[in-house]
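Have a look at the structure below before the remarks.
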Amino acid sequence: MSQQLPDVQATEPDVSVGLSEVGVTGVEKLVEIAREDDRPIVLMAEFEVYVDLPRGRKGIDMSRNMRVIDETLEDAVREPIYRVEEMCGEVAERLLEKHDYTTTATVEMNAELMLREETPASDLPTQGTIDIIASATAQEDAPTREEIGARVVGMTVCPCSQQMMSETARRKLAELGVGEDAVREFLRDVPQAGHSQRGHATLTVEAGGDPDVNLMDLVSVARDSMSARIYNTAKRPDEDHMTYESHANAKFVEDCVRSMARGVVEEFNHLPEDAVVTMKQSNDESIHQHNAHAERVAEFGQLREEVGSGE
């Protein structure tokens, strides 16, 4: 007869302090997302899984966390799953059920998605990547909150440096004898140089239950919040298009976040008032060693009120 090993995790800790998150990170799994009338999308996803730990317990059941993830993902393979945030919610709820000493369970997922698209001027087929962000938090006696969003890359142009270059062009054209009306028309139709940055936009929506937003619509709002979209493949007409569009739509890092806010309000007007919208913009500066960053986290109702008051 084998002797049962002691459950060390269930013993009292040396220091009686509760912990808000304990779990595992860097868990890689294949996730298959079903699509209507199209082949499924297969993602290599990385998960982080946490539960809270009361002050009187030394540790969590780490192997139990891994087993719940494996079981849920296997279920996702057998049955169609259309939203990764729902899958995260299911895993979080199972974690809460499996751990009778916890009150909160959190699951976070990140994955890279390859997009097929066409270049803006020459219509060449190309591919680009976005980072999918999904998470869920399950709590006792409260609806599970789910989050979906993406990180995307684009291009921005500094309005301040562009304005300085426009003034330089205005003075030079005047010296050459060009009339003021012609100068004004030229500067309106030909955007002047400004230092550019590669921009990184992050946009997520979190709500009680399913946020009910389309991931690709979120991606479009985030990409269009910057000065211009960028593409991996580009012939000269495409380069000209991106250069012109970005300089005709120069934006500070703050402008990008505000553009995201307006896009969310216009595109997702059905969101509940208490849905939480997270908007971040980080720009890799080209003429500085530092980078620029701006962000806003707000409930949708507050965001809609602010955007509406500025129209």
(request) Could you walk me through whether Glu48 and Glu21 pass the side-chain contact (heavy atoms from CB on, under 4.5 Å) test, one step at a time? (result) CA-CA 11 Å; Glu48 297 181 6; Glu21 287 187 345; over 6 Å; no
Val153, Leu113: one ILVMFWY side-chain cluster at the under-4.5 Å cut-off?
no
Q.
Would you say Met216 ends up clustered with Val84 if hydrophobic residues are merged whenever their side chains have heavy atoms under 4.5 Å apart, either directly or through other cluster members?
A. yes
Side chains of [X] and [Y]: does their closest heavy-atom pair fall under 4.5 Å?
X      : Y      : result
Tyr101 : Leu53  : yes
Ile133 : Asn110 : yes
Asn269 : Phe300 : yes
Met155 : Ser227 : no
Thr137 : Thr104 : yes
Arg83  : Glu146 : no
Thr25  : Tyr50  : yes

**Message:** Quick one, Arg229 with Asp224, criterion side-chain contact (heavy atoms from CB on, under 4.5 Å). Give me CA distance, side-chain angles, the key distance, then yes/no.
**Reply:** CA-CA 7 Å; Arg229 296 189 179 195; Asp224 291 339; 2.8 Å; yes
Output yes when a side-chain donor or acceptor of [X] lies under 3.5 Å from a complementary backbone atom of [Y], and no otherwise.
X      : Y      : result
Asn283 : Glu285 : no
Asp240 : Pro237 : no
Ser225 : Ala222 : yes
Asp238 : Ala121 : yes

Rounded to the nearest 0.5 Å, what separates atom [atom1] in [X] from atom [atom2] in [Y]?
X      : Y      : atom1 : atom2 : result
Leu96  : Glu140 : CG    : CD    : 5.5 Å
Glu90  : Leu95  : CD    : CG    : 11.0 Å
Leu218 : Thr202 : CG    : OG1   : 11.5 Å

Under the side chain to side chain donor-acceptor pair (under 3.5 Å) criterion, do Gln197 and Thr156 qualify, and how do the steps go?
-> CA-CA 5 Å; Gln197 307 96 8; Thr156 62; 2.3 Å; yes
When Arg151, Arg223, Met260, Lys280 are each screened for side-chain contact (heavy atoms from CB on, under 4.5 Å) with Leu203, the one that passes is Met260
| field | Test log, rule salt bridge (charged side-chain N to carboxylate O under 4.0 Å, His left out), inputs Glu97 and Arg94 | value | CA-CA 5 Å; Glu97 292 172 1; Arg94 288 196 184 192; over 6 Å; no
(message) If you apply the rule side-chain contact (heavy atoms from CB on, under 4.5 Å), what do you find for Phe268 with His270, and how did you get there?
(response) CA-CA 5 Å; Phe268 307 111; His270 64 281; 4.0 Å; yes
**Other residues, nucleotides, ligands: >12 heavy atoms within 6.0 Å of Arg198 CZ** = no
TODO: Look at atom CZ of Arg35 and say whether more than 12 heavy atoms of other residues, nucleotides or ligands are closer to it than 6.0 Å.
DONE: yes
Check your understanding: Can you list the steps and then say if Thr126 with Asn232 is a side chain to side chain donor-acceptor pair (under 3.5 Å)?
Key -> CA-CA 7 Å; Thr126 186; Asn232 282 336; 5.2 Å; no
Do the ring planes of His288 and His290 sit parallel (below 30°), tilted (30 to 60°) or perpendicular (above 60°)? parallel
Report task. Check the pair Thr119 / Lys235 against side-chain contact (heavy atoms from CB on, under 4.5 Å), numbers first and verdict last. Result -> CA-CA 9 Å; Thr119 56; Lys235 294 183 74 65; over 6 Å; no
- Applying salt bridge (charged side-chain N to carboxylate O under 4.0 Å, His left out), run through Glu180 and Arg184 and close with a yes or a no. CA-CA 6 Å; Glu180 181 61 30; Arg184 190 179 300 110; 3.6 Å; yes
Salt bridge (charged side-chain N to carboxylate O under 4.0 Å, His left out) test vs Arg145 passes for just one of Glu93, Glu206, Glu85, namely Glu206
